[in-house]
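Here is how names work: the chains are called A, B, and so on, in the same order as the sequence lines, proteins then strands, and each is numbered from 1. From a predicted model like this one, the values you see are computed outputs, not experimental measurements.
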Amino acid sequence: MIGLSLLDDLNDRQREAAETIDGPVLIFAGAGSGKTRALTYRIAHMVREKGIAPEHILAVTFTNKAANEMKERITRLIGDDARRLWAGTFHSICSRLLRRYGEEIGIAPNFVIYDEADQTALIKQAVSIADIDSQAYTPTRIRWAISSGKNELLDPQDYARARKGPFDEIVARVYSRYQQALRENNALDFDDLLVKAVELLRSRPKVLAALQERLRYVLVDEYQDINYAQYELVKLLSARERNICVVGDDDQSIYGWRGANVGLILSFQADNPNTRVIKLEQNYRSTQKILDCAHAVIRVNEDRAEKRLWTENGAGDNLVVYEAVNEEEEAAYVAGVVARQVRNSGTRYADYAVLYRANAMSRNLESAMREKGIPYEVVGGMSFYDRGEIKDLAAYLKLIYNLDDSISLRRIINKPARNIGEGTVSRLTQLAHSEGVTLFEACRLAGEESDLRKAQKEAVLHFYSMIRRLHEDAAAMSVSGIVKAVLERSGYTDALQASGKADDADRVDTLGELVTDAVKYEQSADEPSLGGFLERLALLSDLDKAEDLGSSVSLMTVHASKGLEFPIVFIVGMEEGIFPHERSMGDQFELAEERRLFYVALTRAQRMVYMSHARGRTIYGSPHGMIPSRFLKDLPPESIDCKFDADSPLMPRMFGDEEAAVRERTVLAGGIDITDVLRRARENSAAAAAQRQEPQTPPAQPSGGETVPEPTEAGKRKPAGATRKKAARSPAKQKKAASVQPLGTGTKVVHEDFGEGIVVSVDEKGDEPAVTVAFVAKGIKKILANHPKLKVRR
DNA sequence: ACAACTTTCTATAAA
DNA sequence: AGAAAGTTGT
Ligand SMILES: Nc1ncnc2c1ncn2[C@@H]1O[C@H](COP(=O)(O)OP(=O)(O)OP(=O)(O)O)[C@@H](O)[C@H]1O
């Protein structure tokens, strides 16, 4: 439909990237410069103009959602051929590879994928057998160590050889047992998917050759966050044709903690002779002020490739830094701004994202959103798929799919209660050991002859035949049919319904949703299968799992927001110990990564950013005083407005006895000196006041109007969340919004009844913005910002 | 074996 | 504060 103008949507540099299809290409550029778009169009161009069959192209993305959206966009550009493209995350691609070719290296095609909880459970077993002090060496720490070993492609022997201390010694021992246990369970953990895929390609030249023949063009997005195993995989696959195009930004490397190595993108050019390096400098996403702030933050880091971005989008509004009393008030502020803007400024809920450093911080935000009736969607954290009942159901499915999976078996053998307790399970384990059979087979043996009591024998045998029958029947059933059969035959639903508790009724509903999920899967998958469904369950990213971002406010971690964009972004919890996180504060490298993370957060925004920090916060149930994040200090003062809330009873004191206020607040904050907060607040109020004197200064309240960059195309990795046109606003709304504009902290005002005064704070929590004004004659009063008797004093 | 109660631990980030 | 783990009584 686009004809010859396919590449018209690209600038010159992007077009160069899209047209250079042979040999190594590195697209290296800052945030929002159109890297992903260049990649997408490059694929379309290859198929459409260069006649390359889509099945010869492999595109690796960071989430499956990104892969699907890329496919969809390419489908729009070139038609249904795009469906034959290979696109996905490293993990899903490896999983598919191993299902197909895994037997070559001894992996049965019905392997199951172990998630973190399964891994930890397995390590616990390995640790207990190995008689290791599990106090000093927690399963979690060992899991981390094993995982980082795997990311470097170290097998247990390599790990033992490279050990550096007593901890590594233990890890090496556990690692070896752990791998043994995985084999016995016919399971792979997340990291194994990569490790085994590399092993396959390295050791089976025929398989490698077949894949190289098929995958002649390899493209990788977000290359700054790949680990060594992934690097090796890409290298192997692209070794023959050497048509490898990678895209990334060293400033956005935020996954070092899980083994990603930013050096791999920095050395790409050296690694691949004749690499064409393409740098993109025009930013299409954000306002100049957002870019200024982002650059001011990231330039502090050393050892980075300097990239200066420019934009035609205009300056935009000043970014806002809000000081909240505590986390609740912070959340109320966010919800208040959203509610008011959606009401008054013609924005939509989907235009907003609230970003935070840690998943646990979503709680307050959620309740604030609920309170104001704002639709929201939490990405990641404790989601649908993490609920106990879903994991139970998944465990049933895994066991039915792979009868060797003892971890899943243990999980559900007594769910619902079947009178098979811990004691019985450990007897079964012993039996399995002594007879050299799987735990599942041990159930059958135990039912025939063993020292179990009659009731237990029957229960175990009954469980065995139930699973056995499901396993056999599954072959002829649809995925949703299997799911339903499990729920019925296991008695799981019955038990929940019989309990009569409200929570359990909710659980029944949740399980019903998984049935729906299975039906949807059947409809969308090319060849639906239980294995495919389980793979999806295991490998979907948090972002993939989230639904309906198109009509709600998105709540997610900064990590999850990578690659996305939103018109308006909130970044909450800008405090020392939170962002940067205290566990990163002791290490320069980790601190630099925290800074990059903040850079990523800022650069998600198209037209407005609100940052907030709380003076106090409840952590582990007890109150803590918080210091504003060091990153806030790096923001250019001329591009930000600071606000704080005078409703806190302490604030007015600042105008009288400031020292007392400081003392009082120091106590409030748990003994931590917050003088710095006050100093900064004063400075910024003064700066803001000074700025407001100048006529051309944009208003503090984002109007959703003039400075808004043009709406994006159907929208990046965020389908329905595109920006609204400004023309849609009614004159009445415009007038209303306009009258609110100039009242920021420090503004001098005059009131018909109260006389002259100065704005002490702006309250955005309510539906209508209110200001607290210190009147010279009448003292401090709180008034609606658009009150007709209130005027700005020139 | 299991429900109800008490104590301890927890919250980086994620496929 | 809330979840997980541990403990007690039936
Ligand atoms: N040539 C262009 N003309 C107009 N808009 C563009 C152009 N290229 C990209 N854009 C828009 O700019 C925004 C950012 O593009 P894109 O997501 O591709 O950037 P990116 O470099 O991948 O960003 P990030 O580094 O954050 O992942 C998108 O909304 C995209 O539609």
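B:dA15 atom P lies 14 Å from atom CZ of A:Arg143, rounded to whole Å.
For the residue pair A:Ser541/A:Asp544, the side-chain donor-acceptor check at 3.5 Å is satisfied. Inspection of the A:Thr61 and A:Asp221 side chains reveals no N or O donor paired with an N or O acceptor under 3.5 Å.
Side-chain contact between A:Arg595 and A:Asp634 is present, with at least one heavy-atom pair separated by less than 4.5 Å.
In this structure A:Glu594 satisfies the salt bridge (Lys or Arg N to Asp or Glu O under 4.0 Å) test together with A:Arg357, sequence neighbours excluded. Legend: residues meeting ring pair (Phe, Tyr, Trp, His ring centres under 6.0 Å) with A:Phe90, ordered by chain and number and at least two apart, are absent. With sequence neighbours excluded, the residues satisfying side chain to side chain contact (heavy atoms under 4.5 Å, CB included) with A:Ala459 are A:Ile420.
Taking side-chain N and O atoms only, A:Asn227 has no distance below 4.0 Å to OP1 or OP2 of B:dA15. In terms of phosphate contacts, A:Thr557 brings a side-chain nitrogen or oxygen within less than 4.0 Å of OP1 or OP2 of B:dA14.
As judged by a 4.0 angstrom heavy-atom cut-off over every strand, A:Asp542 is placed among residues touching the sugar-phosphate backbone only.
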* Criterion side chain to side chain contact (heavy atoms under 4.5 Å, CB included) on A:Val379 and A:Leu555, from CA distance to verdict -> CA-CA 6 Å; A:Val379 176; A:Leu555 272 50; over 6 Å; no

* **Candidate pair A:Asn261 and A:Tyr228, rule side chain to side chain donor-acceptor pair (under 3.5 Å), full reasoning** => CA-CA 7 Å; A:Asn261 180 357; A:Tyr228 178 65; over 6 Å; no

* **Test log, rule salt bridge (charged side-chain N to carboxylate O under 4.0 Å, His left out), inputs A:Arg411 and A:Asp118** => CA-CA 10 Å; A:Arg411 185 181 173 103; A:Asp118 300 329; over 6 Å; no

All N/O contacts under 3.5 Å from nucleotides 1-3 of chain B to the protein, with atom names and distances to one decimal?
from	atom 1	to	atom 2	distance (Å)
B:dA1	OP1	A:Gly421	N	2.7
B:dA1	OP1	A:Thr424	OG1	3.2
B:dA1	O3'	A:Asn419	OD1	3.1
B:dC2	OP1	A:Asn419	N	3.2
B:dC2	OP2	A:Asn414	ND2	2.8

Got a list of protein N/O to nucleotides 6-11 of chain B N/O distances below 3.5 Å?
none

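Each of A:Ser541 and A:Glu594 was assigned the nucleotide of DNA chain B with the nearest heavy atom; the assignment lying further toward the 5' end belongs to A:Glu594.
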* Scan nucleotides 2-10 of chain C nucleotide by nucleotide, 5' to 3', and note B when protein non-hydrogen atoms come under 4.0 Å of the base, S if they reach only the sugar-phosphate, - if neither. => SS-------

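Ring pair A:His91/A:Phe190 is perpendicular by interplanar angle, where above 60° counts as perpendicular and below 30° as parallel.
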